[in-house]
There are 2 protein chains.
Amino acid sequence: MLPIEETASILKLMGDKTRLTMLKLLEGDTCCVCEFVELFGMSQPAISQHLRKLKDVGLVKEDKRHQWVFYYLNEDHDLYPMVERVLSTLPSQQEKLLQLTEDGKRIDCCSIKGENSQDDKGTNVRD
Amino acid sequence: MLPIEETASILKLMGDKTRLTMLKLLEGDTCCVCEFVELFGMSQPAISQHLRKLKDVGLVKEDKRHQWVFYYLNEDHDLYPMVERVLSTLPSQQEKLLQLTEDGKRIDCCSIKGENSQDDKGTNVRD
DNA sequence: TGATTATATAAGCAGATGGTTATATACTAG
DNA sequence: CTAGTATATAACCATCTGCTTATATAATCA
């Protein structure tokens with residue numbers, strides 16, 4: 001595909017408020033589907049479908065851990081530098097993740113697996 | 001509108017091959033509708049509708065001269081810096097304009113008005 | 001003035017998009 | 001194994017998109 005066509009197809013995907021916010025959130029974090037569902041107040045299939053599109057063009061990758069699927073930015077994508085240039089112009093969305101944590105809705109798969117922490121046994125949220 | 005929403009709406013417009021190429025062409029030039037029609041091999045209404053969308057969000061402005069309407073990038077747009085960051089990652093499309101010139105299809109309104117040149121009297125193309 | 005050229009707008013249509021609900025799949029925990 | 005939780009997929013639907021053709025508007029020119 002010509003560079004201008006590939007760029008257009010990526011920009012089209014980024015040209016949706018939900019997906020653009022997802023990408024900004026993933027700029028500094030890893031999120032799983034149920035966190036996005038909580039954050040956007042949308043149905044789980046709607047979230048999955050957005051993530052599918054991002055995954056299909058290779059903008060994000062997934063990491064299945066425990067019963068969750070965590071998504072993260074694919075920094076090896078051809079157009080990642082362009083994507084990052086755009087994301088860097090956007091205001092941080094971190095406060096949304098902080099709010100999730102305060103609401104006890106943030107997923108912490110690591111503490112469950114007991115690989116990286118000693119606390120949170122018996123719960124499936126991180127804080 | 002929230003910054004992330006405004007950015008998404010601009011990216012959506014840029015997420016079309018024709019409009020993205022138009023913007024890249026306008027990065028270093030001014031073009032009129034009939035030049036775009038020639039360049040893209042599309043109907044004149046289709047071109048006008050793309051330009052209308054770009055104009056509606058303020059990404060381009062128009063300059064009516066002689067019987068033509070010339071479009072150019074609006075560098076004062078809020079998101080112009082973001083747009084320029086994206087365009088700068090794209091390969092130049094200048095050769096398309098050169099081809100137009102070779103084909104004698106490039107419009108030169110200035111020489112017609114006789115404001116900036118002494119040649120080309122009686123023709124409506126620049127070379 | 002009337003013909004020509006350039007552009008814009010309107011209406012219609014096929015295909016894409018983004019959501020929904022229902023259901024399938026996969027993993028965990030008891 | 002069974003129930004519960006997380007995710008994906010399928011089917012459906014309303015709206016949006018981008019094109020087309022037809023027509024309107026505007027400027028130039030003979």
- Lys/Arg N to Asp/Glu carboxylate O, A:E35 vs A:K105, below 4.0 Å: no

Q.
Salt bridge check, A:R106 against A:D29: does any charged N sit closer than 4.0 Å to a carboxylate O?
A. yes

Nucleotide [N], atom [atom2] - distance to [atom1] of [X] in whole Å:
{"X": "A:R52", "N": "C:dA24", "atom1": "CZ", "atom2": "C1'", "answer": "15 Å"}
{"X": "A:K105", "N": "D:dT5", "atom1": "NZ", "atom2": "C1'", "answer": "15 Å"}
{"X": "A:Q49", "N": "C:dT20", "atom1": "CD", "atom2": "P", "answer": "9 Å"}
{"X": "B:Q44", "N": "D:dG18", "atom1": "CD", "atom2": "P", "answer": "17 Å"}
{"X": "B:Q67", "N": "C:dA8", "atom1": "CD", "atom2": "P", "answer": "13 Å"}
{"X": "B:H50", "N": "D:dT17", "atom1": "NE2", "atom2": "P", "answer": "12 Å"}
{"X": "A:K64", "N": "D:dT5", "atom1": "NZ", "atom2": "P", "answer": "21 Å"}
{"X": "B:K55", "N": "C:dA8", "atom1": "NZ", "atom2": "P", "answer": "6 Å"}

Quick one: which of [options] gets closest to the side chain of [X]?
{"X": "A:K53", "options": "C:dG18, D:dT20, C:dT28", "answer": "C:dG18"}
{"X": "B:S48", "options": "D:dC29, C:dA29, C:dA8", "answer": "C:dA8"}
{"X": "A:C32", "options": "C:dG19, D:dT7, C:dA8", "answer": "D:dT7"}
{"X": "B:V33", "options": "D:dT20, D:dT17, C:dA8", "answer": "C:dA8"}
{"X": "A:P45", "options": "C:dT20, D:dT7, C:dA6", "answer": "C:dT20"}

Output yes when a side-chain donor or acceptor of B:E6 lies under 3.5 Å from a complementary backbone atom of B:I4, and no otherwise. no

Test your reading of the model: is there a side-chain donor-acceptor pair from B:R19 to the backbone of B:H50, 3.5 Å cut-off?
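Checking the backbone N and O of B:H50 against the side chain of B:R19, no donor-acceptor pair under 3.5 Å is found.
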
Practice problem: Scan A:K17 against the nucleic acid and name what it touches under 4.0 Å (heavy atoms): base, sugar-phosphate only, or nothing. | Solution: nothing

When you measure from the side-chain N and O atoms of B:R19 to the phosphate of D:dG18, is any distance below 4.0 Å, counting only OP1 and OP2? yes

message = With a 4.0 Å limit, can you tell me whether A:S43 has a side-chain N or O closer than that to the phosphate oxygens OP1/OP2 of C:dG19?
response =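 For C:dG19, OP1/OP2 do not have a side-chain N/O of A:S43 under 4.0 Å.
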
Judged by nearest nucleotide, the residue sitting upstream toward the 5' end of DNA chain C, A:A46 or B:Y71, is B:Y71

ask   = Does the side chain of B:K96 pick up a donor-acceptor pair with the side chain of B:Q93 at under 3.5 Å?
value =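 The answer is yes; a qualifying pair exists.
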
